[in-house]
Amino acid sequence: MQKRALVTGVTGQDGSYLAEFLLEKGYKVYGLRRRTSTPNYENVEHIKDRIHWLSGDLTDLASLIEAVKTSDPDEVYNLAAQSFVAASWPQPLLTGQITALSVTNMLEAVRIMKPTARFYQASSSEMFGKVVETPQKETTPFYPRSPYGVAKVYGHWITVNYRESFNMFACSGILFNHESPRRGLEFVTRKVTDAVARIKLGIQSELRMGNMDSLRDWGFAGDYIKAMWLMLQQEEADDYVISTGEMHTVRELLEVAFSYVGLNYEDYVVIDPEFVRPAEVDLLLGDCTKAKEKLGWTLDVGFEQLIKMMVDEDMKRVKAEDRYNQLMLSH
Ligand code: NDP
Ligand code: GDP
């Protein structure tokens, strides 16, 4: 029988890769989308007609109950969130409502309508925050450093709690930073690769940055969504760290991206206090031995390959946008 999956956050980076992957596997994919005045399907344009769209918002339990009822899913992937750390200080309550409390909404909708469905919660390495051990693994205590990180800790524990309280098949994937050409433009990798393209093409002259010394364990989103699926195919629900086991500074990211197009980042980068955070996560480095051994998960794309792929895609996109703008100006 054809398997059915419900994906929240399907228009985001991970949701779009996951939807592609599930469609490829023959799933019937239901995507939850919140209503906006100007719908944004950029990440899913190529598969838009193959997704069964459901209207709903993570903060609205009634809409989630309806979504689970309609989709009758075998698997639920809860990827929707206010996902940008920096935005969680100016919008702490919204972040708490969406990224923390709404996980309970989604779990309740599943518990009430389809308690046998397998549930994936998108947890985050930001929960480790001011890390108490390195590398970080499933047993490492949490010490979040932002309203986002605090919200994700709630989402993680409520998922564990529903597994233990109601015997639901609920997994939490503790994913370290993962990027792609579909990453939001405000995240540091994409901000840099987009700027590199604009600077190279003469459209932008400088790049304003915050802390360049922080270290992150950056992987490719297309590799990470496979781990989500693998978690839901196991005999027992459990939690897993997903990471590359390698870390790089923001400075190294700049070096790789700028030098790839023959530029020196030091000629363009300006430090701007606006991008320095009230509290920083200095270092994240994951140990995903458990995922490798139990899930058989592997990754294909390394750090340099990832950044070069993102620069290549941004060069193409920025060039096309520039051509379009020139054309409009000439008319
Ligand atoms: P994105 O920001 O790209 O996508 C977030 C998605 O959530 C979008 O589709 C957005 O819809 C949707 N959304 C936001 N608020 C609501 C709401 N109230 N109701 C319904 N949908 C909503 O995130 P990613 O794809 O990068 O990440 C996926 C998940 O994984 C997130 O939970 C994130 O916090 C988590 N995560 C991500 C990591 C990463 O490095 N990428 C690392 C660890 C965890 P819209 O298009 O309308 O805005
Ligand atoms: P995060 O790890 O989820 O917060 O992912 P980001 O990509 O937003 O940030 C990664 C790191 O880059 C953090 O330590 C930021 O402080 C640092 N950083 C430095 N300058 C910038 C910037 O201009 N924008 C962003 N988003 N991050 C920056």
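Here, residue 1 is the first one in the sequence, and each next residue gets the next number. All ligand and atom numbering here is 1-based and tracks the order in the structure.
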Side chain E138, main chain Y240, donor-acceptor under 3.5 Å: no
Worked check of ring pair (Phe, Tyr, Trp, His ring centres under 6.0 Å) between F142 and F128: CA-CA 4 Å; F142 300 139; F128 297 123; 5.5 Å; yes
Ligand 2 to G210 polar contact by distance, N or O atoms, under 3.5 Å: yes
Any F84 heavy atom less than 4.0 Å from ligand 2: yes
Residue selection (non-hydrogen contact nearest atom 18 (N) of ligand 2) among D217, N211, L283, V269: N211
Atom 26 (N) of ligand 2 [closest protein heavy-atom partner, distance rounded to 0.1 Å]: E186 O, 2.9 Å
Nearest candidate to atom 8 (O) of ligand 2, where distance is taken over non-hydrogen atoms, out of E274, K191, E280, R277: R277
Contact residues of ligand 1 (heavy atom under 4.0 Å), by chain and number: G9, T11, G12, Q13, D14, R34, D57, L58, L79, A80, A81, S83, I98, A122, S123, S124, Y148, K152, L175, F176, N177, H178, R183
Distance-only polar pair, side chains of S63 and D57, donor-acceptor under 3.5 Å: no
Pair Y260-D312, side-chain donor/acceptor within less than 3.5 Å: yes
Test: R111 cationic atom under 6.0 Å from Y162 six-membered ring centre, within 45° of axis: no
Side-chain cluster (under 4.5 Å, hydrophobic types only) that V270 belongs to, other residues: none
E126-ligand 2 polar pair, N/O distance under 3.5 Å: yes
Residue F275 vicinity, atoms of ligand 2 by number, heavy atom under 4.0 Å: 23 (O)
Ligand 2 contact on R216 by region, counting heavy-atom pairs under 4.0 Å: side chain
Side-chain donor-acceptor contact under 3.5 Å, Q91 with Q97: no
Part of N177 within contact of ligand 2 (heavy atoms, under 4.0 Å): side chain
Heavy atoms from other residues, nucleotides or ligands near CD of E45 exceed 12 (cutoff 6.0 Å): yes
Protein heavy atom at shortest distance from atom 12 (O) of ligand 2: V250 CG2, 3.5 Å
Protein heavy-atom partner closest to atom 14 (O) of ligand 2 - residue, atom, separation in Å: S214 OG, 2.7 Å
Path from V256 to M315 over hydrophobic side-chain contacts below 4.5 Å: yes
Pairs meeting criterion ring pair (Phe, Tyr, Trp, His ring centres under 6.0 Å) with involvement of residues 188-219, two or more places apart: W218-F303
V188 N/O under 3.5 Å from ligand 2 N/O: yes
Ring geometry between Y17 and F220 (parallel below 30°, tilted from 30 to 60°, perpendicular above 60°): perpendicular
Pairs meeting criterion ring pair (Phe, Tyr, Trp, His ring centres under 6.0 Å) with involvement of residues 49-104, two or more places apart: Y30-H52, Y41-W53, F84-F187
